[in-house]
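Let me begin by presenting the structure, written as structure tokens, before commenting on it.
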Amino acid sequence: MSENTSNTSNFIKHIVKEDLANGTHKEIITRFPPEPNGYLHIGHAKSIVLNFELAAEFNGKINLRFDDTNPLKEDQEYVDAIKEDISWLGYEWDNLHFASNYFEEMYSRAILLIKKRMAYVEDLSQEEIREYRGSLHEAGKESDSRSRSVEENLELFEKMKNGDFANGEKVLRAKIDMASPNINLRDPVIYRISHTEHHNTGNTWCIYPMYSFAHPLEDAIEGVTHSLCTLEFEDQRPLYDWVVEHSEIHATPRQYEFARLNLTNTVLSKRKLKQLVDENYVDGWDDPRMPTISGLRRRGFTAESIRTFAREIGVAKSDNLVDVRMLEHFLREDLKLKAPRTMAVLDPLKVVITNYPEGEVEWLDADNNPENEEMGTRKIPFSREIYIEKSDFMEDPPKKYFRLFPGNEVRLKHAYFIKCNEVIKDEDGNVVEIHCTYDPETKSGSGFTGRKVKGTLHFVEATQAKKAEYRLYHSLIEDEREGDSFLDFVNPDSLEITHGYVEANMDDAKPQDKFQFFRHGYFNVDSKHTTEDMLVFNRIVELKSSFKL
RNA sequence: AGGGCUAUAGCCAAGCGGUAAGGCAUCGGAUUUUGAUUCCGUGACCCGCAGGUUCGAAUCCUGCUAGCCCUGCCA
């Protein structure tokens, strides 16, 4: 990756630099630890970029580790999708691990804790455990199970493992402090029974470690030095350290917490995203309106723009709400020089150039990207009948409208000046066709300077035009709506479909090809809906515009 | 007397005792065969508030205030 990854500063880099400088570590190891229970989204991208680039910048290593300790929610489908998304983002992990590969090791560490009288099997029901835990304002109380002998605990824990108990009948708890002001330390459950098949270990286990016990062990086993997670785990840090210390794995991973990403007009919670998918608000995890990596990819966002975005938003500890326009900015910036510029009419209006010879087609020169000459030129057709954008004509325009209207002359991009002479309407009074005349002297590239026009319109020549479908996306979530559930904020009109024309030379456009459609924005050939006879384009983002009616 | 954390422009964010980086957005202006791009210009008499220490404070101390997180056998 050639991008400069070290020009930003954040508190985690400070910590790493210091750890390296004072010899705490010779080499750092980070990890990205997704639970395979859903698809990755742009919030994960923030964490991925942080962890991978931190390791790269300081010549360390990074592990991709699936935190698969709860078989009830996890699935191989998600493992595959997550790997694909990380690779697509442009990152390579040094090692691939699964928490489930450490189950045996974790089990033996749990036994060690029991032997050290630091863990015990609990008889209380889930409800009782909750009651005994106390509340934010009052201490918890100790359960009778707490004073069980080591031998009995060992025997019961083995029975748990052997499947002698039903789900929920027993749990293993760490013996810490039922009166701690930090509720996470009030004898947290570290193993539960779940007679569930695991995507990786099958039916080998019916007890599974809890995150708070498993995660620190995973980090310690792998020699992770800097374990980065989000703010809501701050209260768990004392427990994390407790597990590492008492499990006697001689490693000292440290947990650091940073603020998760929030984006305007977006939800970034796996639970909510899953709900949007399950309840058919969208067409799957990769729906172009979804903030998932796969959705952004299908929409047309580039990996580079997502990476740049993730770097530029920074990493800190204060809650934040980043404007989506920032993401869009980096997409435009990335595609500006990379995407060929072509003309597409999204909502066509026919124009007949009455003084242009019938049956004649001429081919005009058009550059593919004036800001990037290497992209070359192409020929585009021009003839008596063309399509322009419906919104580029107004019969009765306001002041400062410099597109087409009766009596006004405009430039057709790469072609000629045309002047509107006549408006054809149907019986309902709708404008169905415009009659114009062109001036042969004004041909583009001829150096004509006789007079100027204010507006330049894009067009598609009618006989060669290729039909296309456009999918114009609007925010899936609208922050300004009101409601209690996030579903009240879902925009029912987030997908707008139109049909129009693109240049004939788009014939060889393939899924995921990206273009700038003149005056419209950046578009991507949709990989799911495009067929042999119909190109379907996703609008990635619009061009910026200061035009107001 | 619950505990943990955060507070720098509309939104992100740097800053680590020496006199407020940068990006996004906004609004002007110039250039323009995209009302795009590009280019220039635009905002903190001040860093949540109030005191204090210091020659000097966004940075150190004290006290407030506001917001977020924590009572899953989720992660």
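Sequence lines set the chain letters: A, B, ... in the order given, protein chains first and strands last, and positions in each chain run from 1.
Residue-level contact check: A/V315 touches the backbone only, with heavy atoms under 4.0 Å from sugar-phosphate atoms and none from bases. As judged by a 4.0 angstrom heavy-atom cut-off over every strand, A/L231 is placed among residues making no nucleic acid contact.
As rounded to the nearest Å, B/C60 and B/A7 have P atoms that lie 12 Å from one another. Distance check on atom P: B/A14 versus B/G3 gives 28 Å, rounded to whole Å. Separation of the C1' atoms belonging to B/G35 and B/C27 is 16 Å when rounded to the nearest angstrom. Nucleotides B/G51 and B/C12, compared at atom P, are 28 Å apart to the nearest Å. Here the separation of B/C11 from B/A20, taken at their P atoms, is 22 Å to the nearest Å.
Side-chain to base pairing of A/D235 with B/G3: one donor and one acceptor N or O lie within less than 3.5 Å of each other. Scanning atom types as modelled, one donor and one acceptor separated by under 3.5 angstrom connect the side chain of A/R403 and the base of B/G35.
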| query | So what is the 5' to 3' dot-bracket string for RNA chain B, if pairs are Watson-Crick or G-U wobble with both distances under 3.5 Å, crossing pairs use [ ] and | means the partner sits on another strand? | reply | .(((((((.[[[..)..(...]]]..((((.......))))......[[[[[..)....]]]]])))))).....

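Between A/S318 and B/A13, a side-chain N or O to OP1/OP2 separation shorter than 4.0 Å is present. Taking 4.0 angstrom as the limit, A/R186 places none of its side-chain polar atoms (N or O) nearer than this to OP1 or OP2 of B/G2. Listed pair A/R192 / B/A75 meets the phosphate criterion, a side-chain N or O lying under 4.0 Å from OP1 or OP2.
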